[in-house]
> 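My structure is below; once you've seen it, I'll send some questions.
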Amino acid sequence: MALEPLYQIKVNCIFCEMEYRTSRVRQSLKKPYKTDSDFCSHYKEANPDFYVVRVCPNCGYASTENGTEKLTDKQRKAFAEQIQPRWVQREYGGERTWEKALETYQLALLCAQTIQDSERLIASLLQHIAWLYRYQENIEQEQRFLKFSLEAYIHVYELDGVGANNARLLYLIGELYRRVGNNHEAVKWFSRVINDKNIVDSAMIHASREQWKLLREEMQEQHMDLSEEMSEAK
């Protein structure tokens, strides 16, 4: 008999301390049939991305495993004043539709911005929301959130600087620039990964080379199209 795709884990809310259950996708089913160049994975069955965010049904505090593990007094006060009073108790612990998954990410983003969680977490949440819209082929909203995500990742870079372990961040900024149509900025960021001698992440160097080549080909094709249009206009 086939296993159910979901299983439940217990979580303790870091705000109200209530224990609740949330669902996860079984590890054996976390096999995407394709992964996009900005790390968005596509699944035929249960999508693990739908279950990344944990939402406390009691107080509404929502975050991911990468969120802050303990709230400061200032963070508790901000959440208690801005989100908790407006929370209507509801349950996200079971199976999630696309709509429910989007709601959980919106809640997590609101919480992260309210308590001023890490910029990297906020950037990741924005990127995941863009992916949700990609699954629905909603290009307008996908582009909107890719741009928000790009701005946040640039802020992460400005705060953290370049370290040997930041090749993925540099690549991702380049790829997001490419996806929102700013090819010249994309080339700059891919070139940083390729040319920085301190970067030894071979996977990201290879990915940057591939995307740089793709961009060059696309730009050459665009110039060809323009020249063809000009010759036709004569």
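In this text the structure is predicted, and so the values were computed from the model without any measurement. The chain is numbered in sequence order, starting from 1.
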> Testing the basics here: between Ala130 and Glu142, what is the closest heavy-atom pair and its distance to 0.1 Å?
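Minimum heavy-atom separation between Ala130 and Glu142: O-CG, 3.5 Å.
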> His184 versus Met219: any side-chain heavy-atom pair under 4.5 Å?
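Result yes, sub-4.5 Å side-chain heavy-atom pair found.
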> Provide the closest heavy-atom pair for Pro85 versus Ala80 in the form atom of the first, atom of the second, distance.
CD-O, 3.0 Å
> Check Ser63 against Gly67 and note the closest heavy-atom contact, atom names and distance.
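For Ser63 versus Gly67, the nearest heavy atoms are OG-CA, 3.4 Å.
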> Do Arg178 and Glu175 sit within salt-bridge range, that is, some charged N less than 4.0 Å from a carboxylate O?
yes
> Is a donor on one side and an acceptor on the other found under 3.5 Å between the side chain of His128 and the backbone of Ser124?
yes
> Judged by modelled atom types alone, do Glu17 and Asn12 share a side-chain donor-acceptor pair under 3.5 Å?
no
> Between Leu6 and Val11, is there shared hydrophobic-cluster membership here, with clusters defined by ILVMFWY side-chain heavy atoms closer than 4.5 Å?
no
> When you look at Phe15 and Gln84, which way does the side chain to side chain contact (heavy atoms under 4.5 Å, CB included) test go after all the steps?
CA-CA 10 Å; Phe15 181 78; Gln84 190 188 18; 3.5 Å; yes
> Atom CD1 in Ile115, atom CZ in Arg76: separation rounded to 0.5 Å?
10.5 Å
> What I want to find out is whether Lys100 reaches Glu95 closely enough, with some N-O distance under 4.0 Å, to be called a salt bridge.
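Not counted as a salt bridge, because no side-chain N and carboxylate O are separated by less than 4.0 Å.
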> For the hydrophobic clusters of this structure (ILVMFWY residues joined by side-chain heavy atoms under 4.5 Å, transitively), does one cluster hold both Trp87 and Ile14?
no
> May I have the step-by-step check of ring pair (Phe, Tyr, Trp, His ring centres under 6.0 Å) for Tyr133 and Trp98, ending in yes or no?
CA-CA 9 Å; Tyr133 283 115; Trp98 179 89; 5.7 Å; yes
> So which atom in Val53 and which in Thr104 form the shortest heavy-atom distance, rounded to 0.1 Å?
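In this case the closest contact between Val53 and Thr104 is CG1-O, 3.3 Å.
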> Does CD belonging to Glu45 count more than 12 external heavy atoms closer than 6.0 Å?
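Open.
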> Measure the CG-CD distance between Leu214 and Glu210 for me, rounded to the nearest 0.5 Å.
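So the CG of Leu214 and the CD of Glu210 are separated by 9.0 Å.
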> More than 12 heavy atoms of other residues, nucleotides or ligands under 6.0 Å from CD of Glu19: is that the case?
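More than 12 within 6.0 Å, yes.
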> Should Leu109 and Gln106 count as side-chain neighbours, where that means a heavy-atom distance under 4.5 Å?
no
> Could you tell me whether a side-chain N or O of Arg21 sits under 3.5 Å from a main-chain N or O of Gln8, the two making a donor and an acceptor?
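Pair absent, no side-chain N/O of Arg21 close to backbone of Gln8.
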> Count I, L, V, M, F, W, Y as connected when their side-chain heavy atoms are under 4.5 Å apart, and connections chain through other members. Are Tyr157 and Ile194 then in the same cluster?
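Same hydrophobic cluster.
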> When rounded to the nearest 0.5 angstrom, what is the spacing between CG in Leu132 and CG in Leu102?
6.0 Å
> Return the minimal non-hydrogen interatomic distance between Tyr51 and Ser23, and the atom names on each side.
CB-O, 3.3 Å
> With rounding to the nearest 0.5 Å, note down the distance linking CD1 in Ile205 to CG in Leu170.
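The CG atom of Leu170 is 11.0 Å from CD1 of Ile205, to the nearest 0.5 Å.
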> Using a 4.5 Å cut-off on heavy atoms from C-beta on, say whether the side chain of Arg120 contacts that of Leu169.
yes
> More than 12 heavy atoms of other residues, nucleotides or ligands under 6.0 Å from CD of Gln113: yes or no?
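Atom CD in Gln113 is packed in, count exceeds 12.
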> Quick one: side chains of residues 143-156, donor-acceptor pairs under 3.5 Å with protein atoms, not counting sequence neighbours, listed by atom name and distance.
from: Gln143; atom 1: NE2; to: Arg179; atom 2: O; distance (Å): 2.9
from: Arg144; atom 1: NH1; to: Gln141; atom 2: OE1; distance (Å): 3.0
from: Ser149; atom 1: OG; to: Ala123; atom 2: O; distance (Å): 3.3
from: Tyr153; atom 1: OH; to: Gln127; atom 2: OE1; distance (Å): 2.9
from: His155; atom 1: ND1; to: Glu119; atom 2: OE1; distance (Å): 3.2

> Determine the sole option in Tyr20, Phe79, Tyr92 for which the ring pair (Phe, Tyr, Trp, His ring centres under 6.0 Å) test with Tyr61 is passed.
Phe79
> Out of curiosity, does Leu121 fall in the hydrophobic cluster containing Tyr105 (side-chain heavy atoms, cut-off under 4.5 Å, transitive links)?
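Yes, because Tyr105 and Leu121 connect within a single hydrophobic cluster, where side-chain heavy atoms sit under 4.5 Å apart.
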> Other residues, nucleotides and ligands only: do more than 12 of their heavy atoms fall within 6.0 Å of CD on Glu140?
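Counting other residues, nucleotides and ligands, CD of Glu140 stays at 12 neighbours or fewer.
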> Do the ring planes of Tyr33 and His42 sit parallel (below 30°), tilted (30 to 60°) or perpendicular (above 60°)?
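Answer is tilted, since the angle falls between 30° and 60°.
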> Might you confirm whether atom CG of Asp73 has over 12 heavy atoms from other residues, nucleotides or ligands at distances under 6.0 Å?
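No.
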> For the residue pair Phe50 and Arg96, what are the closest heavy atoms and their distance?
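Where Phe50 meets Arg96 most closely, the heavy atoms are O-NH1, 2.9 Å.
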> Distance check, rounded to the nearest 0.5 Å: Ser202 atom OG versus Arg209 atom CZ?
11.0 Å
> Quick one: does any side-chain atom of Asp196 pair with a main-chain N or O of Asn198 as donor and acceptor, under 3.5 Å?
yes
> Determine whether a donor-acceptor pair (N or O, by modelled atom type, separation under 3.5 Å) exists between the side chain of Thr72 and the backbone of Gln75.
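Yes, because the side chain of Thr72 sits within donor-acceptor range (under 3.5 Å) of the backbone of Gln75.
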> According to a 4.5 Å side-chain heavy-atom criterion applied to Ile, Leu, Val, Met, Phe, Trp and Tyr, with indirect links allowed, do Val55 and Ile122 form part of one hydrophobic cluster?
yes
> Is Thr35 reaching over with its side chain to a backbone N or O of Cys40, donor-acceptor style, under 3.5 angstrom?
no
> Are the side chain of Arg54 and the backbone of Glu65 linked by a donor-acceptor contact shorter than 3.5 Å?
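No.
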> Could you walk me through whether Cys111 and Ile83 pass the side chain to side chain contact (heavy atoms under 4.5 Å, CB included) test, one step at a time?
CA-CA 8 Å; Cys111 287; Ile83 298 178; 3.9 Å; yes
> Got a sec, which residues hit side-chain contact (heavy atoms from CB on, under 4.5 Å) with Lys70, two or more places apart in sequence or on another chain?
none
> If you draw the axis of the six-membered ring of Trp189, does the NZ or CZ of Arg192 fall within 45° of it and under 6.0 Å from the ring centre?
yes
> Only counting residues at least two apart or in another chain, list the ones meeting side-chain contact (heavy atoms from CB on, under 4.5 Å) with Lys197.
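None.
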> Can you tell me how far apart CH2 (Trp131) and CZ (Phe39) are? Round to the nearest 0.5 Å.
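Rounded to the nearest 0.5 Å, the CH2-CZ separation comes to 8.0 Å.
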> Passes side chain to side chain contact (heavy atoms under 4.5 Å, CB included), Tyr43 versus Val25? Steps please.
CA-CA 11 Å; Tyr43 301 85; Val25 175; over 6 Å; no
> May I ask you to check whether Tyr171 and Asp201 show a side-chain donor-acceptor distance below 3.5 Å?
no
